Amino acid sequence: MDIIMAVDFGDARTGLAVSDSAGMMAHGAGCIEGMGFKKTAAAVAEAAKKREVSLIVVGNPINMNGTEGPRAELCREFAEKLKEATGLPVTMWDERRTTVEAHNILSQHNYHGQKRKNTVDAVAASLILEGYLAFRKR
């Protein structure tokens, strides 16, 4: 199996997570500080190349009622930019509640303040990837 990267795209920070080569486990791969749309896409593309990724999964922030808003459209545009920059397949994945879950996980492990701020997006990306990997196994 190949390595998959998940991306939790954000204005301030973009979280990354990667799978193991067996596609069984996801782990955080850090955050990219907000550099603007194009520079963030280039940084994610570079990280994907460095990690020899074969597929990128971008979190799709669907509203709780199932509709897509302006943020989902922005993430779709970001996914297209990644596809162009990497030449890799890029898919969208429902990321509802991943940031909330990431905050809960970090609270349970006593991550607060700046430590939490620097970690939450990578944890959210890991949750996105875990959901996608579970889907692929079914």
Side-chain angles (χ1 to χ4, degrees):
M1 204 162 203
D2 298 314
I3 297 172
I4 301 169
M5 175 180 278
V7 180
D8 181 32
F9 176 67
D11 295 327
R13 282 170 307 284
T14 296
L16 303 177
V18 292
S19 72
D20 61 350
S21 59
M24 301 294 288
M25 297 180 63
H27 62 278
C31 288
I32 296 168
E33 293 297 320
M35 301 187 294
F37 195 83
K38 289 181 183 178
K39 287 183 180 179
T40 299
V44 171
E46 181 61 33
K49 181 179 178 182
K50 181 177 168 184
R51 289 177 170 85
E52 299 179 352
V53 167
S54 60
L55 171 69
I56 299 174
V57 178
V58 175
N60 188 8
I62 297 171
N63 296 323
M64 292 306 286
N65 67 2
T67 62
E68 291 190 6
R71 190 75 200 168
E73 181 58 35
L74 185 64
C75 288
R76 196 172 303 288
E77 289 175 31
F78 186 75
E80 279 301 314
K81 183 67 76 181
L82 283 178
K83 190 183 286 188
E84 292 170 16
T86 63
L88 295 172
V90 177
T91 190
M92 302 294 290
W93 187 254
D94 185 352
E95 70 165 37
R96 277 181 277 194
R97 298 196 45 81
T98 56
T99 301
V100 171
E101 288 180 49
H103 278 289
N104 289 338
I105 290 167
L106 293 172
S107 289
Q108 291 170 4
H109 290 89
N110 210 21
Y111 278 69
H112 299 286
Q114 192 64 37
K115 192 175 181 183
R116 171 183 278 185
K117 205 174 192 180
N118 293 336
T119 308
V120 70
D121 298 297
V123 173
S126 293
L127 293 170
I128 292 166
L129 185 53
E130 285 175 2
Y132 181 78
L133 292 174
F135 170 77
R136 280 182 55 143
K137 287 178 194 171
R138 285 185 246 151

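These figures come from a predicted structure and were not determined experimentally. One-based numbering along the sequence shown.
- Between L88 and V53, some side-chain heavy-atom pair lies under the 4.5 Å cut-off.
- The minimum heavy-atom distance between I128 and G59, with the atom names listed, is CD1-CA, 3.8 Å.
- Residue-environment remark: CE (M25) stays at or below the threshold of 12 foreign heavy atoms within 6.0 Å.
- S19 approaches L129 most closely through the heavy-atom pair N-CD2, 3.4 Å.
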Stepwise side chain to side chain contact (heavy atoms under 4.5 Å, CB included) check, L55 with R136:
CA-CA 13 Å; L55 171 69; R136 280 182 55 143; 3.6 Å; yes
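- Side chains of I32 and V44 form a contact here, defined as non-hydrogen atoms less than 4.5 Å apart.
- When side chains are defined from C-beta on, I4 counts as touching V57, because their heavy atoms get closer than 4.5 Å.
- At distances below 3.5 Å, at least one donor-acceptor pair connects side-chain atoms of N65 with backbone N or O atoms of T67.
- The shortest distance between side-chain heavy atoms of P89 and I56 does not fall below 4.5 Å.
- In this structure, D20 contributes its side chain and G23 its backbone to a donor-acceptor pair below 3.5 Å.
- Side-chain contact between E68 and N60: present, with at least one pair of heavy atoms (C-beta onward) separated by less than 4.5 Å.
- Contact between S126 and G28 at its shortest, heavy atoms only, is OG-N, 3.1 Å.
- Here the shortest heavy-atom pairing between C75 and P61 reads SG-CD, 3.6 Å.
- Using a cutoff of 4.0 Å between basic side-chain nitrogens and carboxylate oxygens, E46 and K49 are not scored as salt-bridged.
- In this structure, A45 and L82 approach most closely via the heavy-atom pair N-CD2, 4.2 Å.
- No more than 12 heavy atoms of other residues, nucleotides or ligands sit less than 6.0 Å from atom NZ of K50.
- Across all non-hydrogen atoms, the minimal contact from M5 to V18 is CE-CG1, 3.9 Å.
- Counting heavy atoms from C-beta outward, I62 and M92 have side chains that stay 4.5 Å or more apart.
- Contact check for V7 versus L16: side-chain heavy atoms found under the 4.5 Å cut-off.
- Between F9 and R71, the closest side-chain pair of non-hydrogen atoms falls below 4.5 Å.
- Between W93 and F135, the two ring planes are tilted [angle within 30° to 60°].
- Surrounding CD of E52 are at most 12 heavy atoms belonging to other residues, nucleotides or ligands under 6.0 Å away.
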